[in-house]
2 protein chains.
Amino acid sequence: MSTAPYIVPIRRRAGASTRMQVYVALSEAIVRSELEPGRQLSENELASQLGVSRTPVREALARLREDRLVEVVPQIGTFVSRISDEAVGDAQFIREALECAAVRRAAELATEDDVRILEENLEAQQRAVDAVDDEAINALDNAFHQTLCELSRHPMVWAISQRAKGHLNRVRRLSLLRPEYLGGMLDEHRSILTAVERHDPDAAELALRYHLRMVLSELPAIRATHPDYFEEA
Amino acid sequence: MSTAPYIVPIRRRAGASTRMQVYVALSEAIVRSELEPGRQLSENELASQLGVSRTPVREALARLREDRLVEVVPQIGTFVSRISDEAVGDAQFIREALECAAVRRAAELATEDDVRILEENLEAQQRAVDAVDDEAINALDNAFHQTLCELSRHPMVWAISQRAKGHLNRVRRLSLLRPEYLGGMLDEHRSILTAVERHDPDAAELALRYHLRMVLSELPAIRATHPDYFEEA
DNA sequence: GGGGAAATACTTGCATACAAGCATCCATGT
DNA sequence: ACATGGATGCTTGTATGCAAGTATTTCCCC
């Protein structure tokens with residue numbers, strides 16, 4: 001029934017528990033929409049495809065359920081969550097609250113070295129945009145936000161934010177593929193960095209909040225493109 | 001070696017998965033410091049004491065690890081986390097960010113009914129303080145903050161906040177037992193509610209932030225009382 | 001008596017076997 | 001033809017068995 005084209009034999013590396021490798025593999029596959037929203041997942045099927053037993057698969061699915069990326073119905077099945085306005089709204093609210101609080105601290109605490117690192121990231125973003133390298137754009141965008149969070153001296157904030165915004169990541173992932181958004185994204189990043197450099201928490205928060213909301217503004221267009229990825233409203 | 005006096009045979013109720021019952025039981029036992037920080041836990045021991053097998057115990061421990069309430073060291077053991085300044089600081093930062101953002105929305109959205117419910121909660125708090133009923137105080141305090149969060153229309157915020165602040169809950173739990181704090185707590189709650197009633201987000205955020213920091217101010221005294229509960233600085 | 005090494009008793013991580021429940025499909029009876 | 005009941009194959013939840021690794025303990029030798 002549910003054929004599984006995209007997945008993903010993992011090879012077990014020393015130093016990382018297999019359940020964490022399974023979690024990362026599945027999480028990325030879902031965020032990239034390689035495992036399409038609504039699709040049914042089978043613990044047995046995933047286990048055999050990944051080359052491990054059900055136990056680590058099961059533990060990874062439990063974690064994904066906490067991220068709201070899958071829904072587990074006892075005795076029925078496990079399904080990739082469809083994107084829902086409610087979940088996206090929750091994720092957006094949480095991300096704004098956490099990252100804006102973090103960027104305020106970042107603006108207070110950032111050193112010249114910190115700013116320089118962020119500058120270099122932005123230059124790399126410019127190159128990635130010019131080269132139309134979606135993978136690089138996504139990675140650099142992530143790194144930019146993560147670095148900002150970590151400047152708050154509370155690295156945990158990034159981890160929590162990252163996990164809370166599973167649905168949002170899928171939307172963001174689809175947004176980044178829309179070229180008309182890329183220029184705006186760069187300008188917004190520059191505005192944030194400028195405020196941080198000036199040690200202006202209010203301006204930094206305002207710029208970040210605007211930036212985060214822009215990602216959301218792409219949502220209707222994405223929903224129109226992939227209606228089957230979304231929950232019925 | 002690690003004798004286990006306090007725990008807790010759970011009886012399996014229909015409608016709730018046993019792993020969730022195990023999680024709740026262990027979580028409460030840790031927050032109440034019935035399972036003391038630093039203590040070693042054994043999956044086998046817990047399983048036999050709770051009357052279930054290792055599997056649900058293991059899954060509950062995985063969740064507790066994500067809450068940073070336990071630390072799992074492969075091939076060595078599982079330990080109740082000691083309270084650390086870093087973890088408490090992280091939890092405080094995250095709680096402030098989330099609950100302050102929520103209370104701003106709450107101040108914008110609260111209806112007269114909402115305010116009335118919170119008023120009744122405060123009156124019950126007054127009665128509980130007069131009766132020196134620690135259990136009731138704790139429950140009502142929790143309910144007050146939860147209700148505020150839910151007024152933001154993002155109930156998920158409370159769930160995330162609740163889980164992120166595991167260490168903080170232990171501190172708060174110990175704080176509530178210090179009678180000299182109770183009067184101040186009530187006044188602070190009243191200030192928050194007044195601001196919400198006036199639909200004044202700035203005042204509400206300010207009052208809540210002050211209130212949340214007060215809990216933290218008890219930390220040195222608690223540390224002095226229970227030095228063995230804390231990580232070496 | 002003291003020191004070292006091997007055996008032992010634990011730990012968690014992973015794999016597998018068993019149990020319970022739901023859906024579907026097919027056969028059978030009306 | 002249609003409805004109904006049962007067998008079958010799936011699902012997740014739980015229990016248990018096996019493997020690998022570490023700390024401790026004990027025994028033997030010096």
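Side chains included, hydrogens not; waters and symmetry mates left out as well; all remaining heavy atoms used. Sequence lines set the chain letters: A, B, ... in the order given, protein chains first and strands last, and positions in each chain run from 1. Model, not experiment: these values are computed from the prediction.
- The phosphate of D:dA15 has OP1 or OP2 within less than 4.0 Å of a side-chain N or O from B:S53.
- Set against D:dT14, C:dT16, C:dT12, the side chain of A:T55 has C:dT16 as its closest nucleotide.
- D:dG13 atom C1' lies 20 Å from atom OH of B:Y23, rounded to whole Å.
- A:R58 comes within 4.0 angstrom of a nucleotide base, judged by non-hydrogen atoms across all strands.
- Taking atom CD of B:E59 as the reference point, atom C1' of C:dG13 lies 13 Å away to the nearest angstrom.
- Taking the centre and axis of the six-membered ring of A:F230, the NZ or CZ atom of A:R82 falls outside the cone set by 45° and 6.0 Å.
- In this structure, CD of B:E43 is placed 9 Å from C1' of C:dG13, rounded to the nearest angstrom.
- With rounding to whole Å, A:N44 atom CG is found 11 Å from C:dT16 atom P.
- Atom CD of B:E71 and atom C1' of C:dT12 are 15 Å apart (whole Å).
- Enclosure of atom CD in B:E150 by more than 12 non-hydrogen atoms of other residues, nucleotides or ligands within 6.0 angstrom is indicated.
- As a whole-Å value, the separation of A:Q75 CD from D:dC10 P is 16 Å.
- Of the candidates D:dT16, C:dC14, D:dG13, the closest approach to any side-chain atom of A:T18 belongs to C:dC14.
- Checking D:dT12, C:dT11, D:dC18 against every side-chain atom of B:R54, the shortest atom distance belongs to D:dC18.
- Each of A:P74 and B:P74 was assigned the nucleotide of DNA chain D with the nearest heavy atom; the assignment lying further toward the 5' end belongs to A:P74.
- A side-chain donor from one of B:Q125 and B:N121 sits under 3.5 Å from a side-chain acceptor of the other.
- Comparing atom distances between the B:P56 side chain and each of C:dG13, D:dA15, C:dC18 picks out D:dA15 as nearest.
- The nucleotide whose nearest atom lies closest to any side-chain atom of B:I76 is, among C:dG13, C:dA23, D:dA23, D:dA23.
- Under 4.0 Å is where a charged nitrogen must lie from a carboxylate oxygen, and between A:R127 and A:D133 no such pair does.
- In this entry the distance linking CZ of B:R65 with P of C:dT11 reads 17 Å, nearest Å.
- Side chain of B:S42, nearest nucleotide from D:dT12, C:dA15, C:dT12: C:dT12.
- As rounded to whole Å, 17 Å separates atom P of D:dC10 from atom CG of A:L41.
- We find that A:E96 and A:R213 are joined by a salt bridge, their nearest charged nitrogen and carboxylate oxygen being less than 4.0 Å apart.
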